[in-house]
Amino acid sequence: MITTSRIVFRPVLPDDYRRLYEIESDPATALTWRYRGQLPPITEYEPALWRQTQQIMVVEGRATGTIVGYLQLHDTDLRAGNASFSLYSGPEHRGSGLVMEGLMAFCEWAFGNWPIRWLYAHSFEHNVSAFESGLRRGEAVRLGVLRERMLVDGELTDVHVIGIEREAWLASPLRRRFNQLRERSLNVGSSAPPVTGV
Amino acid sequence: MTTAEPPTEVRWRLATPADLPFVYRLVTQVDPRWYRFSRHGLEPSGMIGLMGGIAAGAIVHDSLDEPVACALLADSSASGTGTFEYYALPTPHAQRCAALAAPDLLGAVFATSSPRRLYVERFDNDPHLLGDAEQLLTPEVVLPDFIRIDGVYEARTTMVLTADAWWPWHEARSESAE
């Protein structure tokens, strides 16, 4: 679990599934690769949610106590040292920065707990703006674009392949700032030990 | 036939369940280059399970009627894309046979499945088995240092062969052969 002043980042629990289902039921999310518009009924959701998935981490907003989004680690290949991730944000929380803070926690957690050198994400053209600041700063790199790869709502759309390299993350100023903020939030009103990071 | 002799004749046919032992042998000989299978390890029942999700497959035979290569069409989707996977036994003879058969195999894929975009993925040091059709591939994604093979990190590149590139080339090739 990783805590900042704004979020709690923790493993998913079965009690969270209904909220994850709500997030995935949003039309903008339901048309992604995973279900391609065919979200299963809630009774069949758990096996679909965990397909090819090694771990699911939820992002809780501390102000509200509600799950604002979640991240999935999937298609892990420990022989190659890479894995993919997916990021989902509740529609009412897009633009709040909470889930992107969750992505920082995810990088810290994934590179600190798994023998992974690269994390990959596939992003539709209409979602890729979420990664733009990371691409500009250099924590993430665009590894290519699959042109007209998917049909979303009847329209062909490009899919951007984004990579986050372990060494780039560990050396990034963003990571340093993130851990400083974590440390500060832990130390407020407590005698918790400093965060040492990865 | 020795490896120095160019193959004079190759043929291909659709794969059947009886080809699984050959495909498994091929996967083990090129391991880990046939990533779809090798990424899960070489446990045979796991591979049989993966084969169940394959849209179609073909086996290439040399002039002595020995199987030398296997092609699969995988990940076909409603958006008109698919992935063409093509591997030969790791000998110059088998690789030459595979390259000779490749344009016909690709022609069969485009004729029967009509993909808009057909993907080919390969590691840096994979042999080029698509023969004359190699020139039609356009790289779209490169995953650097993707996996270590025999001590050396190799990138994995996703290339695309579009229907728009395929059909004019195929027609010109057919006309020049007449």
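Below, chains carry the letters A, B, ... as their sequence lines are ordered, and counting in each starts from 1.
Note on B:Tyr86: it does not cluster hydrophobically with B:Trp34, by side-chain heavy-atom contacts below 4.5 Å among ILVMFWY residues. Residues B:Phe37 and A:Leu78 are members of separate hydrophobic clusters, defined by side-chain heavy-atom contacts under 4.5 angstrom among Ile, Leu, Val, Met, Phe, Trp and Tyr. Linking ILVMFWY side-chain heavy atoms closer than 4.5 Å, directly or via other members, places B:Ile147 and A:Val141 in a single hydrophobic cluster. Both A:Tyr21 and A:Tyr70 sit in one connected hydrophobic cluster of ILVMFWY residues. Membership requires side-chain heavy atoms under 4.5 Å apart, directly or through other members. Under the 4.5 Å side-chain contact rule for hydrophobic residues, B:Val120 and B:Phe110 share a cluster.
In this structure, A:Arg79 pairs ionically with B:Asp31, as a charged nitrogen and a carboxylate oxygen lie closer than 4.0 Å. Under the 4.0 Å criterion applied to side-chain N and carboxylate O atoms, A:Glu148 and B:Arg116 are assigned as salt-bridge partners.
No donor-acceptor distance shorter than 3.5 angstrom exists from the side chain of A:Arg147 to the backbone of B:Val160, with no hydrogens or angles considered. In terms of modelled atom types and a separation under 3.5 Å, the side chain of A:Arg117 and the main chain of B:Phe146 share a donor-acceptor contact.
In this structure, chain B has a heavy atom under 4.5 Å from the side chain of A:Leu156, while its backbone stays farther away. The contact between B:Pro32 and chain A is made by backbone and side chain atoms together, counting heavy-atom distances below 4.5 Å. If you measure heavy-atom distances from A:Val145 to chain B, the contacts under 4.5 Å come from the backbone alone. Contacts of A:Asp77 with chain B are made by both backbone and side-chain atoms, with heavy-atom separations under 4.5 Å. Only the side chain of B:Arg117 comes within less than 4.5 Å of a heavy atom of chain A; its backbone N, CA, C and O stay farther away. Heavy atoms closer than 4.5 Å to chain B are found nowhere in A:Thr157, neither backbone nor side chain.
Counting heavy-atom neighbours within 6.0 Å of A:Arg18 CZ, excluding the residue itself, gives a total of 12 or less. By the neighbour-count criterion of 12 heavy atoms within 6.0 Å, atom CG of B:Asp150 is sparsely surrounded, having that number or fewer from other residues, nucleotides or ligands. Around CD of A:Glu155, the count of heavy atoms belonging to other residues, nucleotides or ligands within 6.0 Å does not exceed 12.
Atom CG of residue B:Leu143 and atom CH2 of residue A:Trp118 lie 8.5 Å apart, to the nearest 0.5 angstrom. Here CD of B:Glu140 is found 10.0 Å from CZ of A:Arg149. Values are rounded to the nearest 0.5 Å.
Within the 4.5 Å cutoff, the side chain of B:Ser77 has no heavy atoms near those of the A:Leu151 side chain. Residues A:Leu146 and B:Thr158 meet the side-chain proximity criterion, which asks for heavy atoms closer than 4.5 Å.
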Can you list the steps and then say if B:Thr81 with A:Met150 is a side chain to side chain contact (heavy atoms under 4.5 Å, CB included)? CA-CA 8 Å; B:Thr81 61; A:Met150 297 291 293; over 6 Å; no
